Amino acid sequence: MSDFDDPAFYGDCWAEVYDELHAWLEPTAAVEFLARLAGSGRVLELGIGTGRVALPLSQRGIAVEGLDASQAMVNRLRAKPGGQAIPVTIGDMAQVPVAGQFQLVYLVFNSLFALLSQARQIRCFRNVARALQPGGVFVIECFVPGQARSDQDQRVTTQIVTLDEHGVHLRPVTLRHAWPSELDLMAAHAGLQLSERYADWTRRPFGPESDGHVSVYQRI
């Protein structure tokens, strides 16, 4: 297994600076969207990371739990107010190694694309379907690939270089992207049906010019 294929690789590389470099990501709209779907049921975030979305959901009284492969990321979550109260499983989100069933499972900010093969993304959909209660929903937030990302294996690798008083730091990001139509097919094979799709968390209509989507799949 290459470093990129290690489920913990991204989180272990980025945990130290993740919140600082992603401070521009405002979670309010996502929290409102997800809270409506959660109701009073159990909620699971795959790739919970440092808790950007899970913490404000938890603060609203929602029974949110988390899954992440990187202990370094979870340590950052634990250090925040309320972070100790959220149950988190350390594991591979393609496997969804959790007990019981959930009303809502969600993935934000392209996290699904961190699974670097179609097979692993399909496995994630199937295991999410297993973890959902009847009528439960799976919500994903992903970008829509452009022509610049249309290489044969659908992988995009970026190297982020930062400089500070400690020297030069290299933090790579590798994604395996998929178009919405491919994701819909994965979902269908897993027993999930697309029920809603928007351009973003504010429920703007999704259309040909949209560069991202928030998709809601319901367990059939």
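What you see is a predicted model, and the numbers here were worked out from it, not measured in a lab.
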Sequence neighbours left out, what pairs pass salt bridge (Lys or Arg N to Asp or Glu O under 4.0 Å) with at least one residue falling in residues 85-96?
D92-R120

Short N-O contact, [X] and [Y], less than 4.0 angstrom:
{"X": "E196", "Y": "R203", "result": "yes"}
{"X": "E182", "Y": "R176", "result": "yes"}
{"X": "E45", "Y": "R52", "result": "no"}

Side-chain ([X]) to main-chain ([Y]) donor-acceptor, under 3.5 angstrom:
{"X": "R42", "Y": "I62", "result": "no"}
{"X": "K80", "Y": "G51", "result": "no"}
{"X": "R219", "Y": "L132", "result": "yes"}
{"X": "E26", "Y": "T28", "result": "yes"}
{"X": "R60", "Y": "A35", "result": "no"}
{"X": "R76", "Y": "Y18", "result": "no"}
{"X": "S195", "Y": "V216", "result": "yes"}

Parallel, tilted or perpendicular: which describes the rings of H177 and F143, with under 30° parallel and over 60° perpendicular?
tilted

What is the ring orientation for F138 with Y217, classed by angle as parallel under 30°, tilted 30 to 60°, or perpendicular over 60°?
tilted

How many angstroms lie between [atom1] in [X] and [atom2] in [Y], if you round to the nearest 0.5 Å?
{"X": "L57", "Y": "E32", "atom1": "CG", "atom2": "CD", "answer": "9.5 Å"}
{"X": "I140", "Y": "Q121", "atom1": "CD1", "atom2": "CD", "answer": "9.0 Å"}
{"X": "H22", "Y": "E20", "atom1": "NE2", "atom2": "CD", "answer": "11.0 Å"}
{"X": "L104", "Y": "R36", "atom1": "CG", "atom2": "CZ", "answer": "13.5 Å"}
{"X": "T50", "Y": "D19", "atom1": "OG1", "atom2": "CG", "answer": "3.5 Å"}
{"X": "S215", "Y": "Y198", "atom1": "OG", "atom2": "OH", "answer": "10.5 Å"}

L34 and V53: side-chain contact (heavy atoms from CB on, under 4.5 Å), yes or no, with the steps?
CA-CA 9 Å; L34 295 167; V53 174; 3.8 Å; yes

Linked, directly or transitively: [X] and [Y] (ILVMFWY side chains, under 4.5 Å):
{"X": "V105", "Y": "L194", "answer": "yes"}
{"X": "I220", "Y": "F125", "answer": "no"}
{"X": "L185", "Y": "L107", "answer": "no"}
{"X": "L21", "Y": "I48", "answer": "yes"}

Between [X] and [Y], is any side-chain donor less than 3.5 angstrom from a side-chain acceptor?
{"X": "Q218", "Y": "Q193", "value": "no"}
{"X": "W201", "Y": "E141", "value": "yes"}
{"X": "D68", "Y": "S70", "value": "no"}

Would you say that [X] contacts [Y] through its side chain, given a criterion of any heavy-atom pair below 4.5 Å between the two side chains?
{"X": "V137", "Y": "L192", "answer": "no"}
{"X": "R130", "Y": "Q101", "answer": "no"}
{"X": "D184", "Y": "W179", "answer": "no"}
{"X": "L116", "Y": "T174", "answer": "yes"}
{"X": "C142", "Y": "H213", "answer": "yes"}
{"X": "M73", "Y": "D12", "answer": "no"}
{"X": "L55", "Y": "I86", "answer": "yes"}
{"X": "L44", "Y": "L46", "answer": "yes"}

Apply ring pair (Phe, Tyr, Trp, His ring centres under 6.0 Å) to F102 and list each qualifying residue two or more places apart in sequence or on a separate chain.
none

Only counting residues at least two apart or in another chain, list the ones meeting ring pair (Phe, Tyr, Trp, His ring centres under 6.0 Å) with H189.
none

With side-chain contact (heavy atoms from CB on, under 4.5 Å) as the test, would you mind laying out the steps for M93 and L115 before giving the verdict?
CA-CA 8 Å; M93 68 181 180; L115 300 174; 3.8 Å; yes

